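Notes for the one structure printed next.
On a predicted model such as this, the values are computed, not experimentally measured, just so you know.
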Amino acid sequence: MADPLISVAERLAPAFSHVAGRPCDPVVRPSERADAQANGALALAKELGVQPRDVAQKVLDAAGDLSDILASTEIAGPGFINLVFTDSFIAQQTADAMSSAQLGVRTSTDAHKIVVDYSAPNVAKEMHVGHLRSTVIGDALVRALSFVGHTVVRENHIGDWGTPFGMLIEHLIDLGEENAAHELGVGDLDGFYKQARGKFEGSDEFKTRARNRVVMLQGGDEETLALWRTLVKESTRYFNKVYSQLDVLLTDDDLMGESAYNDLLLPVVERLHTAGLLQESDGAEVVFPEGFTNRDNEPLPLIIRKGDGGYNYATSDLACVIDRVERIGARTLLYVVGSPQAQHLQMVEAVARMAGWLPENYVMNHVAFGSVLGSDRKMLKSRAGDTVKLASLLDEAVERATLAIAEKNPSMSHEDRAQVAHMIGIGAVKYSDLSTDRIKDYIFDWDRMLSFEGNTAPYLQYAHARICSIFRRAEIHRETVRSVVPTLADLKERALALRILRFDSATWEMIDTLSPHKMCTYLFDLASDFTSFYEHCSVLKAESEELKMSRLALCDATARVMEQGLALLGIRAPEQM
RNA sequence: GCUCACGUAGCUCAGCGGAUAGAGCACUUGCCUCCGGAGCAAGGGGUCGCAGGUUCAAUUCCUGCCGUGAGCGCCA
């Protein structure tokens, strides 16, 4: 138990419930006028038909002695109860939190298996900024959910099947397998795809070959499958390079491409048919979930099998649901997918529930996100007007970070600089993506994200590096101060300790709302409180050895929380920069 | 046309039904006998898109309107 607000809420809850005559939430919130405030009395007063301040007083009377954790309780304004913790309570809680590997973060009381579907690039197509958000947000959620004890299954639903593969395989044959592998291997996926597309549109002969090839692919022709595997292998090798550069958790083990569900598509149709949900409409087999209409206000179908007998993505998404629930045993399914797909996913969920594949207490959640915009507030494009290649964007981030470090810290060795530049550059890109509410579009701005001022990754990383530097200079191992219970004589020390204890709630807010930006806001506040503390409280030049160790303990705690918080976002914290 | 999301300071964004709406950047002013100034302290700047409603209390919840973006049957 770390967050003191939760501790005090638990202590006040019985008193509130006693006064209310029913279970009653004290509604404890952070306060500008105290460490916290309990707002529960106002709502309760209305219910009981009494003055709010009287209710507050009754609650305090019923609460009994709280002096072990609270230095003062004051009824203020219309009926708020302002709460101030004792210094000793905060100090002891801080020491307790720091004695655990979880840094005081509560583990889940409902740990279960969660599938997170994210990234999902297409084979033989370039990864672009659109994949950035899914990959970065998904990865952060995976890390946070794992941290609190869930079993998280990463699923990278790559686009490795469908009609485009006819033309892609024929193009592969034209080029010769080795040449094609080389071209894909060096990462020119866009070129490859565009050439294939060009031939498909420009040549009837090629188009015919491509269509025949799709039939052979779907028919399981071994030679065709071998060529297809080459395409997939070279593409995923390229994806892995990008993932490695981006520093995300995804590996080949997480690949669950569309092709993996081929054998499950027919069962989807059969089970929907058996359930009596399948209908024929304009030659296609469809399900009409309730509440969805098209532009003519007619029922909107989810197409299970097309008029030509083929399947499309709705079918494979349903197969995914079945697979994730029945084979993997997941109870929560998260889809980190752009917001334009909201309706599609709602329909998939609706059909899955109608069919009974997704029990009521199972969660299927669309973790939607907005677009990446340029400074013109339109979808981010390269100078030439093309979509921006993710790989080149990441390279540019590292280049820019390298220049920045070379300027700010010229004495750093070249090897160190390369490593640190990677952490800073990639961290900056990830943080700028994660630090605003994911549902909104966000504006991509190199100068802002790489700035060492403001709410940016470099600023947070700097705060961390600075603390590491203090310990180097002090020639004291971080571990040696970890059993120290800090003294909190100065307001800045106290504020910092209280902030450290709120890491618990920050982590849980991020998880409960699936919103990494909550963690970003917290870490920025932590960094601000730290720099303020550091400015006002001498650490190495403290008046006494005891005070120095106490302040070093606060430094260590700050650095640990900062490093762990950034780690939950998938961002590294260098020891110097 | 219908549906969904967004609209908060000049700019980029926080804001969990609660007290005088907050940061950062930019701007103004202090602090370089300073443990990394990549900083700290302070100041100016807002009819929270508009109008209703619910509530003791609305930037927050509901409805309508306006603006912006997106989606709306055989692409994924």
request  = Using the C1' atom as the reference point in each nucleotide, state the distance between B/U47 and B/A5 in Å, no decimals.
outcome  = 25 Å
message = As a test of your reading of the structure, name each stem of RNA chain B as range with range, where a stem is three or more consecutive Watson-Crick or G-U pairs at under 3.5 Å.
response = B:1-7 with B:66-72, B:10-13 with B:22-25, B:27-31 with B:39-43, B:49-53 with B:61-65
ask   = Do A/K207 and A/E201 sit within salt-bridge range, that is, some charged N less than 4.0 Å from a carboxylate O?
value = no
query = At under 4.0 Å, does any side-chain N or O of A/R448 touch on OP1 or OP2 of B/C13?
reply = no
key: Interatomic distance, A/E280 CD vs B/G73 C1' [rounded to whole Å]   = 13 Å
Nucleotide of B/A41, B/G73, B/G22 approaching A/L300 most closely (side-chain heavy atoms) = B/G73
query = Of the candidate nucleotides B/C35, B/C40, B/G37, which contains the atom at the shortest distance from the side chain of A/Y462?
reply = B/G37
task = Give me the residues of residues 505-512 of chain A where at least one heavy atom lies under 4.0 Å from an atom of RNA chain B, by number, or none.
result = none
request  = Pick base, sugar-phosphate or nothing for A/H344, based on heavy-atom distances below 4.0 Å to the nucleic acid.
outcome  = nothing
message = Heavy atoms from C-beta onward define the side chain here; which of B/C2, B/G15, B/C35 lies closest to that of A/T293?
response = B/C2
Measure all distances between protein nitrogen or oxygen atoms and nitrogen or oxygen atoms of nucleotides 27-29 of chain B, and list the pairs falling under 3.5 Å.
none

task = Calculate the interatomic distance between A/H517 atom NE2 and B/C16 atom C1'; express it in whole Å.
result = 11 Å
Distance, C1' atom - from B/C48 to B/G17, rounded to whole angstrom = 16 Å
Is there any protein nitrogen or oxygen under 3.5 Å from a nitrogen or oxygen in nucleotides 4-9 of chain B, and what are the pairs?
| from | atom 1 | to | atom 2 | distance (Å) |
| --- | --- | --- | --- | --- |
| B/G7 | OP1 | A/K440 | NZ | 3.1 |

Exercise answer: donor-acceptor pairs, residues 401-409 of chain A side-chain atoms, under 3.5 Å, sequence neighbours excluded:
| from | atom 1 | to | atom 2 | distance (Å) |
| --- | --- | --- | --- | --- |
| A/T402 | OG1 | A/V398 | O | 2.6 |
| A/N409 | OD1 | A/S411 | OG | 3.0 |
| A/N409 | ND2 | A/M577 | O | 2.7 |

Candidate nucleotides B/A41, B/U12, B/G18, ranked by approach to the side chain of A/N39 - the nearest = B/G18
message = Going by salt bridge (charged side-chain N to carboxylate O under 4.0 Å, His left out), name the residues that satisfy it together with A/E258, two or more places apart in sequence or in a different chain.
response = none
remark   = Closest to the side chain of A/N312, out of B/A38, B/C35, B/A76, is B/A76
ask   = A/T236: what forms a side-chain contact (heavy atoms from CB on, under 4.5 Å) with it, not counting sequence neighbours?
value = A/I158, A/V232, A/F239, A/D252, A/L255
Any protein N or O atoms within reach of nucleotides 62-64 of chain B? Criterion: under 3.5 Å, listing atom names and distances.
none

ask   = Is it true that the side chains of A/N455 and A/S435 contain a donor and an acceptor less than 3.5 Å apart?
value = no
ask   = Want to settle it: does A/S435 or A/G307 sit nearer the 5' end of RNA chain B, counting the closest nucleotide to each?
value = A/S435
ask   = Between B/C75 atom P and A/H157 atom NE2, what is the distance in whole Å?
value = 17 Å
key: Nearest-Å distance once atom C1' is located in both B/A58 and B/A21   = 12 Å
inquiry  = Using the rule ring-ring contact (aromatic ring centres under 6.0 Å, His included), only one of A/Y193, A/F200, A/F192 pairs with A/H171; which is it?
reply    = A/F192
request  = Ignoring the backbone of A/E258, work out which of B/U20, B/G18, B/A76 is nearest its side chain.
outcome  = B/A76
request  = Only pairs at least two apart or in different chains count here, so list each salt bridge (Lys or Arg N to Asp or Glu O under 4.0 Å) that has a residue in residues 291-316 of chain A.
outcome  = A/E285-A/R305
Earlier contact from the 5' end, RNA chain B, for A/F524 and A/L44 = A/F524
Proximity to RNA chain B (any heavy atom under 4.0 Å), residues of residues 526-534 of chain A only = A/T531, A/S532, A/Y534
ask   = Which nucleotide in the set B/U20, B/C74, B/A38 lies at the smallest distance from any side-chain heavy atom of A/R33?
value = B/U20
message = For A/E290, is the CD atom crowded, meaning more than 12 foreign heavy atoms sit under 6.0 Å from it?
response = no
task = Flag as yes if A/F452 stacks onto the base of B/A38 (centroids under 5.5 Å, planes under 30°), otherwise no.
result = no
query = Around A/E47, counting heavy atoms of other residues, nucleotides and ligands shown, do more than 12 lie under 6.0 Å from its CD?
reply = yes
task = Please name all residues satisfying side-chain contact (heavy atoms from CB on, under 4.5 Å) with A/H273, sequence neighbours left out, ordered by chain then number.
result = A/L278
task = Look at the side chain of A/T521 and decide which nucleotide, out of B/G37, B/A19, B/A14, has an atom nearest to it.
result = B/A14
query = With sugar-phosphate meaning primed atoms plus P, OP1 and OP2, does A/V286 contact a base, only sugar-phosphate, or nothing at under 4.0 Å between heavy atoms?
reply = base
note = Residues at least two apart in sequence or cross-chain that pass side-chain contact (heavy atoms from CB on, under 4.5 Å) with A/T487, listed by chain then number, are A/L547, A/S550
ask   = If you measure from the C1' atom in B/A19 to the same atom in B/U60, how many Å do you get, rounded?
value = 16 Å
